[in-house]
Each structure stands twice: as structure tokens, then as C-alpha cells.
There are 2 protein chains.
Amino acid sequence: MKPTPLSGFPELLPAQRVVEQHVLDTLRRTFELHGFASVETRSVEPLSQLLRKGEIDKEVYLLQRLQAQLTDGPAAGSSAGAPADDALGLHFDLTVPFARYVLEHAGQLEFPFRRYQIQKVWRGERPQEGRYREFSQADIDVIGRQDLAIHHDVEVAQVMAEALAALPLPPARLQVNNRKLIEGFYRGIGAPDPAAVMRAIDKLDKLPADVVIVSLTDEVGLSQRQSQLCLQLAEIRGADLSFVDRIAALGVSDPLLEEGVAELVAVIEGCSSITGQVRVEADLRIARGLDYYTGTVFETRLDCFQRLGSVCSGGRYESLASDGKATYPGVGISLGVSRLLVPLLQRGVLSGSRSVPSAVLVAVATEAARGTAQRTAQALRARAIPCEVAAQAHKWGKQIRAAERRGIPFVWFPVPDQPDPLVGQVKDIRSGEQVDAHADRWWPPEADRWPTVDFDPVQENRS
Amino acid sequence: MKPTPLSGFPELLPAQRVVEQHVLDTLRRTFELHGFASVETRSVEPLSQLLRKGEIDKEVYLLQRLQAQLTDGPAAGSSAGAPADDALGLHFDLTVPFARYVLEHAGQLEFPFRRYQIQKVWRGERPQEGRYREFSQADIDVIGRQDLAIHHDVEVAQVMAEALAALPLPPARLQVNNRKLIEGFYRGIGAPDPAAVMRAIDKLDKLPADVVIVSLTDEVGLSQRQSQLCLQLAEIRGADLSFVDRIAALGVSDPLLEEGVAELVAVIEGCSSITGQVRVEADLRIARGLDYYTGTVFETRLDCFQRLGSVCSGGRYESLASDGKATYPGVGISLGVSRLLVPLLQRGVLSGSRSVPSAVLVAVATEAARGTAQRTAQALRARAIPCEVAAQAHKWGKQIRAAERRGIPFVWFPVPDQPDPLVGQVKDIRSGEQVDAHADRWWPPEADRWPTVDFDPVQENRS
């Protein structure tokens, strides 16, 4: 019987995995060039840690040892129905475990501490496109002890925008806003409950403006004039600093608003040198209403795949962690690697150029001559040319087809009665061209040496 | 409150993680140069798949959605006490999920299929040194459809030995044996139950020879003479082919024995070119009694850390997977990355040269001049020199100490009243030497550009 896939647990074929590895390598390199250190945390946290925001989060996967269940009955860590606080669950993001890691190792870390973390996370939610039960995230955060300067908000935006710009992706927008700005604005117009305004405005994504206006007047208790101002603020966006004048034109003043505007100016200015497929924009609609951000907030959308939602989000926390002695403010962004890649791989927008690393298949004349083929292969590997030796001494045509099916561009043939075993002939099976070669000296074109990522914008437009 | 570590879930500090990343990069590069494709499987499998060998394996972690437990009561996937077959558990090795992956995707794979897989696995067992509840493994396997030539046994031994030899490790021995050889030998001496002999001989690791002899005579039913022959066979080992004559000298003959000897000769001969810290040896004591191997078997021990047991084991399966239409024989080796590294990191045998990727800290004269520092940093990064800008415009001494604490070797100072912002002075804070430099041209010594791994054999001898 052929096993069936598990919904929500995407798996990649080897050529697709080439794309994922390329993306992860590119992210890592960008993060490290900016001095971000790699951290990996364990995959599990005590339930008390996972639910520390006080919510019963239905997305957590609890762990239980099978043997404990067979012996002690089915409860996870307690004899009652509800799980005990020290029951273990799989982490559902990389922020909660990082906050715990910082507290646990604070004495051995230097602050401000820059870290990146690329790991799997798990959520027991209903699977749908772009939403998985197991998926990879790539997070960067800068965390300070007691305080953390605003220039780190600029830094994480720059680093993530640079990382995204280095990926083979369709055009994307990194949208930035600032909670102080919008809260100050709502305060400035006299809104009784700025948080309620924010939650209503957050729905502009899904609801028409007039419905949101009704919600602002009837539920939040704003006047028609106040509601219109909130809506006008939310409509401001752009890649330059024109948002400053457009806010000023609304005639609202508040010290927190001014602070927020100055912070947003710093981030947008700081990202003005980013080029490529990623545009960094101020977008005053972005609020990330459900999260605990206190200043800068980020979201990122692909122009052609709006329905994927934000693939890369984050912001500033006044207190990412606290141990009674110190508070640790932080700012970070989390890229949903699987959320971004899996749909692009499934549509064929991104693909790997071959399913194996090998640039060369070394053909085998007879089983007795396998040793010669292996010596040739080792000579190529010694110069960092990935290769494999044919599995069987079939006829040449069959060995060439074996290479073809794997996408291997070159086949190396031995030359009979040759005193030097490293002398051969190498055939480019795409062009059919065959040339004399020596395994200590022959070079493939650099673009053929390792598998590459193919980006197909035609597929992109079609979807 | 400072969180306390969870026993069995090791976590690394950033400088230790440098070592782990170096090791994983080295493994990956070696595997890919040999044409092994990267595969990652999901972390969970249905319980029926995890327990397909028919044993109730007490080491499995079952998963349950917290919300399901709160709603439906505490059973994992069933209303009775025992979990349902479709309950999900975390994989406890990479072989079971790989076998499932091969069956699921067989139509899209090319055989023989070479894959490497570097992932975390989980076991709910009692933690102790070198045994963890969450740990990383690096597996290589070659899998065929219907058949798989013996030269692939040689191949996986060569590739793993080469990978180990490329790591910063104390001396190790990759020990090879062959199940056909020992089973054929036991059959040749007339042992009624060769498997029982193997299980008894497998205990030579822990029990003295005379106790094993008693077990062979009293429990397995061998004569004194037969038991002595089994023991003499188990004592044969060596890096050359002398084992062939030593087996012959025992005067036992059997066709399966001959076949096993020929296969073992092929593997030992094929690995004769491996140099460095890894010796490949025939060791006729190795049996891997609890696993389902049918030919070649492998174990690996560090000379100085015998009590870690085998850190890298594997062998040949006649049928790694089967779907009714086809059988998939395989041969592979699994390296216990955490098992190997965590004790060496804890003892300080291995350490990272610094806790951040940055080779340079760019100092900041005043907050107003941060932009200049950032331009300098970007110029360095554009030439792949990792760097960070100082977090605050403290006095020079304080900025130098910030670099020192992170192990950053160079500090870059701006030069006042300089028209070109990329002109500066760079100080090697180890020697104190300070020189004029330009951010578009200055190069650190190549050994300082990225963090490196320090190997301390003194620590090794002390432990």
C-alpha cells in the first residue's frame, strides 16, 4: 500500500528541496553578514510557558510518552482531564522559546543580542493553503537589557528587506507602521478606547470601509468626523516620507503621535537604499491588532499572491521577556518560510534545476572497471565538483538516460587502453558535445556545478 | 524567575552553535559532493507506521491537540485508553520516515536513490549523558528498487568515513562487520539457532568472555568447542584484509560465510584510501543484534570516549520498504550529531572562536554619525565581511570592550573631518595594532573572517 500524505504536513521532493536549501542559505548568509548569531531552541516548552499570555491556545500540540499513556492512563502529565502546567507542548512560534532562552541564558549572553533562528514550528490548526500544521520559520530579533535604541527597529527592517531582496521571489512589499503613531492619533482625536479603534481598523483588510465606519460609530462610540479621520489615516501609504505631511494635514496633534511619526520616519529612511524586488513602504493601515507590539509593526505581502496574507511580520515589544530583575525589550521579524515557498513550489513558480547535487555521472564500462570510475569521481570531488558513479555497467545509452532523468548535465566516459585512469571524455548531454578531458583539470561551467533555482514568472502570472 | 533547563533537551549557546553549524555544513558538503540529495520528512508519523515492526515502542512521543483534549477528553485520537493507529507521534529515527517517504513518492524518485537527511528526532526515554529526548541525526542511505549492488555498501562506508574524517574530532574507528559472515559461520559450526548466538556475542561489550561462554553453552546449547570458535571469531579485527586468513584458520566452511567474507573484503578494501582521524576496520564482534540488518553492519567509536558507545551506526536492510509491488533494499549509516557533539562541547574539547558572526565592530563617534558607520558596515558586507555597528556611541574604550566580550577581532574607527566616509582606522584588538583602512579595500586575514572551530585535545585527554 502506498502511504497517503498527511494534510497540513507538506513534504518536498528532492528538486524542490534544492530551492528550500537555497532560500535558507541565502537568509542565513544575510543574517550573519549583519552579525546575527544562530540560535536553535528545543522544540518543546512547558505548557505554562506556551500559554503565558493567559490564553488557552487551541493550536498547541501536547506531547505524551506512549508508554506513560499505556501505563498511567491517557492524561498528558496529570490524572485529571486538563493537562498539568509542566506538560510539554511543541512550540507554535519562535518568539516564546527565544524569550525563555534569553532568560535562561541571560548571564552568558551579550546585550543587545542579535539572533536569527530557523526552525520548524507546529500548530494544531485546520490546514488550508499557506497554513500548515508543521512549517519552517526564519526569525531575526534584537533584544536589549532594560532598553533598546530605536535604530534597531531600522536594523531589523533593513536586514529582512535585504534578505528578501536576495531571494528568487516575485515582487513584494514590506509594510511598516507604528503603534505609537496610530494610538497617539486616536488619542489626539479624543477616542475613548484607542485599542478598540485599532481592532476595528484592522478589519479593513476583510470588510468594506463603510462597514468599518459603522463599527467605529456604533460599537467604538466615535463621531462620524472621528471615524472619517481614522479611515483617512489608514489610507495613507507610500515608499517615501510624504506620509508625514499627509498626517499633518489631518490636523491632529498628540505627543505619542509625534513620537510614532519620528520612529516611522527613521525606519522608512533607513530602508531607502533597499533595491530589487522588495519595496519598503509606510502603510498606516497595518496594526497587527492581536499581538503585543508597542511601536514599529511590520507585514509583508507578495504583489501577485495577496491571498497568502502576510508572509513576514513582526514588530517591537516593550518587554519580550522579564525575570523580575530586568526587562528585555526586543524588535524582530518572522518570515514564514514554508508559507512563502510551498505555494510557489506547488505552482512551479520556483523549481530546482535537478534532483541530485551531482554535476557529473561517471559512466562505468564494466564492473571490473568500477575502481577506475571511482578514482575519476574522487579526483573531481577533490576539486569540489559533485558527482556520482553509475550504479550499473549498462550500455552507454542507458547510463546517459539515467543521468538525464536526474537532470545531471555531464556524463564522463573512460577512454579504453589509456595508461592514465583520469583521462576520459566528457559529454554535455544537453548539447551532445563530447570533449577530451582529464579529471584533475576539467571544469564544468560554474552555473552547472551545483543545482540552481529556476524562477518562472510566467507560471506566476498564470496563477 | 529564571527558567530551568529541561533534562534531555540540550540547548547550545551561540559560540557552541558555531561548532554545530560547522559540523552540519561539513557533513552536507561531503554528502552532496558524493551526489546524495537532501530530503526532509515531516516530524510526525501515524502511530501504525512508527510501530510497524510490531513492537510497542515505549520511546514514542504521542501528539495531541490541546483543544481536542480540553473538548473531547484526554485520549490521543481514540476514546479508549489505548491510542488509535492514526494518532500521530514524533519520529524516533530517520529510517522509518524515510522508508515511508520512498513508498509515498516512489513514482517521482530515481533509483538507486541516494539521500541524506539531517533532522531532529525524539525519544521519550530516560535522559543520560549522550542520550537525549530531542537530538539531531545525520543519515545517509542508498535505496534501490528490487535490488541494490554491494558496491553501495562500500559507498556509504566511504562517504561517512570521509565525512567523519573532515570533522574536528578526536580519533575514531568505523567498525565494519557482515551479518552473512557471522550467521554463515554459526551455521557452519552447526549452531542450532544462529540468531541466539548473535545476541549472546553482542553482549561481549558489557560482559566478560567467560560469562558469554556460559550463556552460549547453557542457554544457546552450543558445545564448549563451538562456543570457543564463536568467541575466536568475535576477537578478529583489523584495518587490513588479514581477517580473511584468520577466519580461514578457524576451519569453518559455509556458502553464506564465504559470501559475507567477500562483502566485508569489498568494504574494507574500498575504504583503504580514507586517511585522517578515522580508521575503518573489520571488527567481527559487531552484530547490531537488535536491528534488522541482513549484510554489512557498521558502528563507530571515539577512542577517548568509549563510554559514549557507537556514535554512528547502520547497515544493509534486505527490505527497507515494500509496497506489495516492489521491495526496496537499502544500506545506510546514521550519525548521532547531538550524541557526538554535546559531550565534546560540554567538556570544552570543541568550542567556537566567538559568539557572533561579526569580524568587525564599526564604532560610532556620535549618534549623529551613525549613518557613516552604517555605510562603512554595508561596504564591508558587500565584500562578504560580516560586521555590526556599535549599539551606542559610548567612549572608544567601552566600544572596544563590547567587541572583546563578543570575541570580535577588529574595531573600525571613523577618522574625523574626512571627506570620504569609508576611510577609517581598523584596530586588531588582540595585538592592539591600528592601521589606516578603506572600507572598499581592507581585508581581514581569511582565518578571522568567519567564526572558526577550536579543537582542544588537552581537554580531551583530561576528561
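Lettering follows sequence order; numbering is per chain, from 1. Values below: every heavy atom of this structure, side chains too, minus hydrogens, waters and symmetry copies.
- In this structure, CG in B:L63 is found 8.5 Å from CG in A:L62, a value given to the nearest 0.5 Å.
- The OG atom of A:S358 sits 9.5 Å away from the CD atom of B:E32 when rounded to the nearest 0.5 Å.
- Contact record, B:G35 with A:E388: O-OE1, 3.9 Å, taken as the closest heavy-atom pair.
- A heavy-atom distance below 4.5 Å is found between the side chains of A:P5 and B:E104.
- Note: B:E367 CD to A:H151 NE2 = 5.0 Å, rounded to the nearest 0.5 Å.
- Distance check, rounded to the nearest 0.5 Å: CD of A:E134 to CG of B:L88 gives 10.5 Å.
- Proximity to chain A (any heavy atom under 4.5 Å) is shown, for B:L103, by both the backbone and the side chain.
- For the pair A:F9 and B:V44, the tightest heavy-atom approach, listed with the atom from each and the gap, is CE2-CG2, 3.5 Å.
- Neither the backbone nor the side chain of B:L148 comes within less than 4.5 Å of any heavy atom in chain A.
- Neither the backbone nor the side chain of B:F135 has a heavy atom closer than 4.5 Å to any heavy atom of chain A.
- In this structure, no portion of B:T30 lies under 4.5 Å from any heavy atom of chain A.
- Between B:P14 and A:F113, the closest heavy-atom pair is CG-CZ, 3.7 Å.
- In this structure, the portion of B:S355 lying under 4.5 Å from any heavy atom of chain A is its backbone and not its side chain.
- Contact of B:A402 with chain A is not made at all, since no heavy-atom distance falls under 4.5 Å.
- Heavy atoms closer than 4.5 Å to chain A are found in the side chain of B:R28, but not in its backbone.
- One distance of note links CG of A:L6 with CG of B:D86; it measures 9.5 Å at 0.5 Å rounding.
- Here salt bridge (Lys or Arg N to Asp or Glu O under 4.0 Å) pairs that include residues 1-12 of chain A, with residues two or more places apart or in two chains, are A:E11-B:R100.
- The contact between B:I385 and chain A is made entirely by backbone atoms, counting heavy-atom distances below 4.5 Å.
- With a 4.5 Å cut-off on non-hydrogen atoms, B:K325 does not touch chain A at all.
- For B:R115, no part lies under 4.5 angstrom from a heavy atom of chain A.
- Judged purely by atom type and a 3.5 angstrom limit, B:R65 uses its side chain to pair as donor or acceptor with the backbone of A:G124.
- Interface remark: of the candidates A:R406, A:R114, A:Q16, A:R406 forms the most heavy-atom pairs closer than 4.5 Å to chain B.
- The CG atom of A:D25 sits 8.0 Å away from the CG atom of B:D25 when rounded to the nearest 0.5 Å.
- With a threshold of 4.5 angstrom between heavy atoms, B:R370 approaches chain A through side-chain atoms but not through N, CA, C or O.
- Of the atoms belonging to B:P451, not a single heavy atom falls under 4.5 Å from chain A.
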In residues 105-112 of chain B, what donor-acceptor pairs under 3.5 Å come from side-chain atoms, sequence neighbours left out?
{"from": "B:E110", "atom 1": "OE1", "to": "A:R405", "atom 2": "NE", "distance (Å)": "2.6"}

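- With hydrogens and angles ignored, the 3.5 Å screen pairs a side-chain donor or acceptor of A:R381 with a backbone N or O of B:L33.
- Contact annotation for B:I408: neither backbone nor side-chain heavy atoms come within less than 4.5 Å of a heavy atom of chain A.
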Requested in this report: May I have the step-by-step check of side-chain hydrogen bond (donor to acceptor under 3.5 Å, both in side chains) for B:Q378 and A:E162, ending in yes or no?
Outcome: CA-CA 11 Å; B:Q378 278 304 90; A:E162 198 179 309; 3.3 Å; yes
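- Contact annotation for B:V142: neither backbone nor side-chain heavy atoms come within less than 4.5 Å of a heavy atom of chain A.
- Between the side chains of B:Q21 and A:E40, not a single donor N or O lies within less than 3.5 Å of an accepting N or O.
- Scanning both residues, B:S43 and A:W122, for their nearest heavy atoms gives OG-CZ2, 3.5 Å.
- Formation of a donor-acceptor pair under 3.5 Å by the A:R17 side chain with backbone atoms of B:V39 is not found in this model.
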